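None of these values were measured; they are calculated from a predicted model. Starting from 1, each residue takes its place in the sequence as its number.
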Amino acid sequence: MRGTSMRGMPMRASARVAFVLVRHEVLLLTSVLRWLGRRAHGVGDDRAFGYARGQGAVMFGFGFVCAIETATMSVLLRGFPLLHGFFLVVDLYTILIVAGLHAASVTRPHVLTATTLRLRRFATVDLRVPLTGIASVHRELRTTHEKREGELDLVVGSQTTIALELAEPVEYLTFFGRRRAVRLVRFHADEPDALVAELRSVGGPVTATP
């Protein structure tokens, strides 16, 4: 019985990974539809702060390279219809996923409510920080980041522009559903000065660290 249970664990883990990957791609494709319809996710009447502008050129570059590869493979494989069809589907789907990543960034901005700062990146990170739990906030441009325990870097376009220190740890779910607690969050915003000013004006324990 124990051996059967042990053999079933990898299968359950594989099924979970497959579910997470499929769910993520569905969210990306849904984001494309939201982008085309100009409908932001989870904003409502609250204040949205975008971050997609910092990666627009990079995403366009990825999309352009994928488009060139698609055209090149079509020429090289024109005498092999089965291979041509296979690679055409793969290349077009890759372009769609790249578009989905950018669309997720556009349609899932950071959101500031009366009680919470919601920080997001693509369709993978969604961290809700109570305003009363923010110890300090300041502008901090960083272009290099190292993974450290208790810290979260939401890098966009290879940079972060705001550092948020928390009075107590806040938990969020990683891509594969693991809970992780952080006390320092660095993230990017297209208008960092405006967001920092808004956070400093909410009152409470927030301090204006230089």
Side-chain angles (χ1 to χ4, degrees), residues 19-71 88-131 134 137 139 141 143 152-164 170 172-177 185-202:
F19 172 78
V20 170
L21 293 175
V22 170
R23 177 180 178 274
H24 179 250
E25 294 198 5
V26 169
L27 288 175
L28 293 184
L29 298 179
T30 303
S31 295
V32 173
L33 298 178
R34 284 184 171 275
W35 188 25
L36 295 174
R38 299 182 179 275
R39 294 186 296 113
H41 175 274
V43 177
D45 297 327
D46 297 310
R47 181 82 183 273
F49 290 88
Y51 55 87
R53 196 188 309 159
Q55 67 180 16
V58 175
M59 288 298 178
F60 177 80
F62 282 152
F64 181 76
V65 169
C66 290
I68 293 297
E69 180 186 3
T70 300
L88 180 62
V89 170
V90 171
D91 287 340
L92 290 178
Y93 190 72
T94 301
I95 293 174
L96 185 60
I97 292 300
V98 172
L101 288 171
H102 185 64
S105 299
V106 174
T107 59
R108 294 171 180 267
H110 305 312
V111 181
L112 180 61
T113 74
T115 59
T116 306
L117 173 62
R118 187 176 184 181
L119 299 175
R120 301 190 282 188
R121 184 181 62 176
F122 302 129
T124 55
V125 178
D126 193 337
L127 173 65
R128 298 173 188 264
V129 180
L131 297 184
I134 300 176
V137 59
R139 282 288 313 276
L141 176 62
T143 55
L152 175 63
D153 296 317
L154 302 181
V155 182
V156 175
S158 301
Q159 69 177 13
T160 56
T161 52
I162 299 176
L164 198 68
V170 173
Y172 79 100
L173 294 177
T174 64
F175 183 80
F176 288 108
V185 184
R186 299 184 185 92
F187 62 99
H188 176 73
D190 293 335
E191 299 177 351
D193 291 324
L195 179 50
V196 169
E198 286 282 348
L199 290 173
R200 291 176 178 175
S201 69
V202 297

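If you take CG on L152 and CZ on F187, they are separated by 10.5 Å, rounding to the nearest 0.5 Å. In this structure, R47 CZ and D45 CG are separated by 13.5 Å, a value rounded to the nearest 0.5 Å. A distance of 9.0 Å separates OG1 in T107 from CZ in R39, rounded to the nearest 0.5 Å. In this structure, the separation between CD on E198 and CG on D193 is 12.0 Å, given to the nearest 0.5 Å. The distance from atom CG of L33 to atom CG of L29, rounded to the nearest 0.5 Å, is 7.5 Å.
Taking all atoms of both residues into account, the shortest heavy-atom contact from R139 to T161 is NE-O, 3.3 Å. Taking both residues in full, the closest heavy atoms of A104 and L28 are given as CB-CD2, 4.0 Å, listed atom of the first, atom of the second, then distance. Residue A189 comes nearest to L195 through the heavy atom pair CB-CD2, 4.1 Å, listed as atom of the first residue, atom of the second, then distance. R108 approaches S31 most closely through the heavy-atom pair NE-OG, 3.9 Å. Across every non-hydrogen atom of V32 and G100, the tightest pair is CG2-CA, 3.5 Å. The two residues Q159 and L141 make their nearest non-hydrogen contact at OE1-CD1, 3.5 Å.
Remark: side-chain polar atoms of T116 are not paired, donor with acceptor, to backbone N or O of R118 under 3.5 angstrom. When atom types are taken as modelled, the side chain of R186 and the backbone of L154 share no donor-acceptor pair closer than 3.5 angstrom. In this structure a side-chain-to-backbone donor-acceptor pair under 3.5 Å is present from R200 to V137. Checking side-chain atoms of R120 against main-chain N and O of P109 turns up a donor-acceptor pair under 3.5 Å.
Contact check for Q55 versus F122: side-chain heavy atoms found under the 4.5 Å cut-off. Residues E25 and Y93 are in side-chain contact: their nearest non-hydrogen atoms beyond the backbone lie under 4.5 Å apart. The shortest side-chain heavy-atom distance between L127 and L117 does not fall under the 4.5 Å cut-off. Between T143 and S158, the closest side-chain pair of non-hydrogen atoms is not below 4.5 Å. When side chains are defined from C-beta on, V43 counts as touching V111, because their heavy atoms get closer than 4.5 Å.
For F62, the CZ atom counts as loosely surrounded, since its 6.0 Å shell holds 12 or fewer non-hydrogen atoms of other residues, nucleotides or ligands.
Side-chain contact, R121 with H188: no donor N or O sits under 3.5 Å from an acceptor N or O. Checking E191 against Y51 by side-chain atom types alone, no donor-acceptor pair falls below 3.5 Å.
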What verdict does the side chain to side chain contact (heavy atoms under 4.5 Å, CB included) test give for T160 and V156, after you've listed the backbone C-alpha separation in whole Å, the side-chain angles of each residue and the deciding distance to 0.1 Å? CA-CA 7 Å; T160 56; V156 175; over 6 Å; no
Give the intermediate values and the outcome of side chain to side chain contact (heavy atoms under 4.5 Å, CB included) for residues F175 and L21. CA-CA 9 Å; F175 183 80; L21 293 175; 3.9 Å; yes
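Partner C66 forms a side chain to side chain contact (heavy atoms under 4.5 Å, CB included) with one of L96, T94, I97 and no other, that one being T94. The side chain to side chain contact (heavy atoms under 4.5 Å, CB included) test with L119 singles out one residue from L164, D126, L112, and that residue is L164.
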